[in-house]
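Below is one structure, written out as structure tokens; comments come after it.
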There are 2 protein chains.
Amino acid sequence: MARKTGSVGIETAERVLKAASMLFARHGYAAVSMRQIAKEVNLQAGALYNHFETKQSILRALLISHMEALMEEIEAQPEIADPRDALEAFTRFHIRYHIDRPEEVFIAYMELRNLEPGPYREVTVLRQKYERILRDILRRGMATREFAIVDAPVTTMAIISMLTGVNTWFRYGGRLGVDEIENIYVNMVLAVAGTPKPVLRATQNEELA
Amino acid sequence: MARKTGSVGIETAERVLKAASMLFARHGYAAVSMRQIAKEVNLQAGALYNHFETKQSILRALLISHMEALMEEIEAQPEIADPRDALEAFTRFHIRYHIDRPEEVFIAYMELRNLEPGPYREVTVLRQKYERILRDILRRGMATREFAIVDAPVTTMAIISMLTGVNTWFRYGGRLGVDEIENIYVNMVLAVAGTPKPVLRATQNEELA
DNA sequence: TTATTAAATGAACGTTTGTTTAATTAATAA
DNA sequence: TTATTAATTAAACAAACGTTCATTTAATAA
């Protein structure tokens with residue numbers, strides 16, 4: 001079949017995606033050449049075309065599999081009846097999931113515009129499906145009067161922006177660990193939903209710098 | 001001097017920046033060629049080099065002038081002593097300023113990595129200076145015990161992400177006008193700071209969709 | 001008018017781009 | 001072993017890239 005077979009080994013296609021993800025995140029889709037990707041996986045540029053039709057299809061595979069994996073993962077989460085608990089769980093899930101996939105998240109944001117119309121719509125649909133999960137939690141909390149929210153769609157986008165924003169500054173080994181960050185954001189998200197945690201409302205932990 | 005002189009007219013360099021801003025925002029820095037920019041201002045590619053040393057210097061000019069204009073504008077705002085009022089003013093300023101400059105904002109986020117180290121640092125310094133304005137407001141509110149904030153730096157980033165996120169979905173002519181959006185975000189930001197507006201805490205305006 | 005100068009053209013530069021193709025390699029199936 | 005097939009290489013393709021340059025154009029200054 002192939003050149004080298006290290007027992008099982010990771011599929012070449014997967015290694016290509018991994019390399020492309022790293023390079024696209026670092027330099028941007030348009031700035032990365034097929035030869036750069038090939039070099040990263042010790043291949044010639046031409047060999048990439050045994051695994052992907054075009055450069056575009058590599059980007060498409062990255063974006064769509066990222067969104068599909070996100071949806072699969074969140075749908076595997078246990079359903080939670082109480083709106084406050086559901087909102088807290090969503091917050092923790094979003095931060096944890098995104099903080100460990102900075103490259104994919106970055107690409108999903110930045111390179112959408114480089115996708116052809118078809119795949120672009122696919123990704124957009126998946127994204128809206130994800131956003132609806134949060135919006136429905138907010139709506140449920142509004143219905144039970146546990147949440148005090150002025151506008152559910154806007155609040156949905158606000159919360160997601162806030163949470164995804166963690167990726168722009170978080171680095172492992174920094175002042176705060178993931179758990180601490182999760183806790184801080186749970187506080188803020190519940191406050192945005194109009195049901196702040198009573199205990200922490202009064203708290204005032206000061207940090208330096 | 002030049003080819004055509006329409007009485008005064010906008011400087012060619014400014015028209016180049018305008019065109020580059022539009023194209024970079026739409027397709028990304030790396031994906032836009034000097035010939036595309038030139039065509040947009042009815043010039044040949046070579047003529048651009050009478051106004052800019054390199055393609056890089058166009059990007060640099062865009063990013064730095066965007067950040068400098070932002071700083072100039074916010075420093076021109078009146079100082080507000082009360083932390084809650086200052087936070088509200090900051091929120092309104094940030095939304096208004098960014099909502100009307102979607103291209104520049106987008107580029108400032110996405111193309112930083114395409115800047116050479118020198119200009120990159122320049123932009124980063126300006127951005128941190130801007131973030132410090134918000135952080136200082138939060139700190140002042142914590143000192144007076146008006147705010148209940150767990151971590152000022154994290155809250156600063158969370159608020160800025162939340163506010164800048166408006167640009168990803170806002171379109172003029174949509175369901176909400178700028179004023180309404182400002183009001184909604186003021187509520188959410190004050191809540192994040194731990195001092196929600198009492199009146200609106202109990203409110204529950206439902207929208208459709 | 002003439003001299004000077006800034007701006008623009010259009011062609012060319014050497015590279016690099018994504019992609020294709022014929023030939024070669026190595027693994028599997030018969 | 002032989003035949004088949006998938007994967008890879010290396011070379012080539014035309015097109016596009018950022019940038020340079022000699023030349024031309026048109027405006028200003030003397």
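We name chains A, B, ... by the order of the sequence lines, and we start the count at 1 in each one. Just so it is clear, the model here is predicted, and its values are computed rather than measured. Hydrogens, waters and symmetry mates play no part in the numbers below; they use all other heavy atoms, side chains included.
- One atom, NZ of A:K39, and another, P of D:dA10, lie 13 Å apart when rounded to the nearest Å.
- Here the side chain of B:A45 is nearest to one of D:dT19, D:dT9, C:dT19, namely D:dT19.
- The distance from atom NZ of A:K55 to atom C1' of C:dT17 is 8 Å, rounded to the nearest whole Å.
- Comparing atom distances between the B:R35 side chain and each of C:dG18, D:dT19, C:dA8 picks out D:dT19 as nearest.
- No option in B:T12, B:I58, B:L17 other than B:T12 meets the side-chain contact (heavy atoms from CB on, under 4.5 Å) test with B:H51.
- Rounded to an integer number of Å, the gap from A:I58 CD1 to C:dG18 C1' is 11 Å.
- Helix-axis bend for the helix from C:dT1-D:dA30 to C:dA30-D:dT1: the local axis fitted to the five terminal pairs at one end deviates from that at the other end by 10°, rounded to 10°.
- The CG-P distance, from B:N50 to D:dT25, rounds to 16 Å in whole Å.
- Within 4.0 Å of A:V41, counting heavy atoms only, lies no atom of the nucleic acid at all.
- A perpendicular orientation is assigned to the rings of B:H98 and B:H66, their planes being inclined by more than 60° (bins at 30° and 60°).
- Along DNA chain C, the nucleotide nearest A:Y49 and the nucleotide nearest B:Q44 are compared for position; the residue whose nucleotide lies closer to the 5' end is B:Q44.
- Going from atom NE2 of B:H27 over to atom C1' of D:dC17 covers 17 Å, rounded to whole Å.
- When each of A:N42 and B:Q56 is assigned the nucleotide of DNA chain D bearing its nearest heavy atom, the one mapping closer to the 5' terminus is A:N42.
- As a whole-Å value, the separation of A:L43 CG from D:dA10 C1' is 13 Å.
- Donor-acceptor pairing under 3.5 Å is recorded for the side chains of B:E111 and B:N114.
- When rounded to the nearest whole Å, the span between CE of B:M34 and P of C:dG10 equals 17 Å.
- The CG-P distance, from B:N114 to D:dC17, rounds to 16 Å in whole Å.
- The aromatic rings of A:W169 and A:Y185 lie parallel to each other, their planes meeting at an angle below 30°, with 60° marking the opposite boundary.
- The side chain of A:S33 lies closest to C:dG18 when the candidates are C:dA7, D:dT19, C:dG18.
- Under the salt bridge (Lys or Arg N to Asp or Glu O under 4.0 Å) criterion, A:E182 pairs with A:R92, A:R96, sequence neighbours left out.
- The phosphate of C:dA8 (OP1 or OP2) has a side-chain N or O of B:H51 nearer than 4.0 angstrom.
- In the model, B:E131 has no side-chain atom that pairs as donor or acceptor with a side-chain atom of B:T156 under 3.5 Å.
- Between A:I74 and A:Y130, some side-chain heavy-atom pair lies under the 4.5 Å cut-off.
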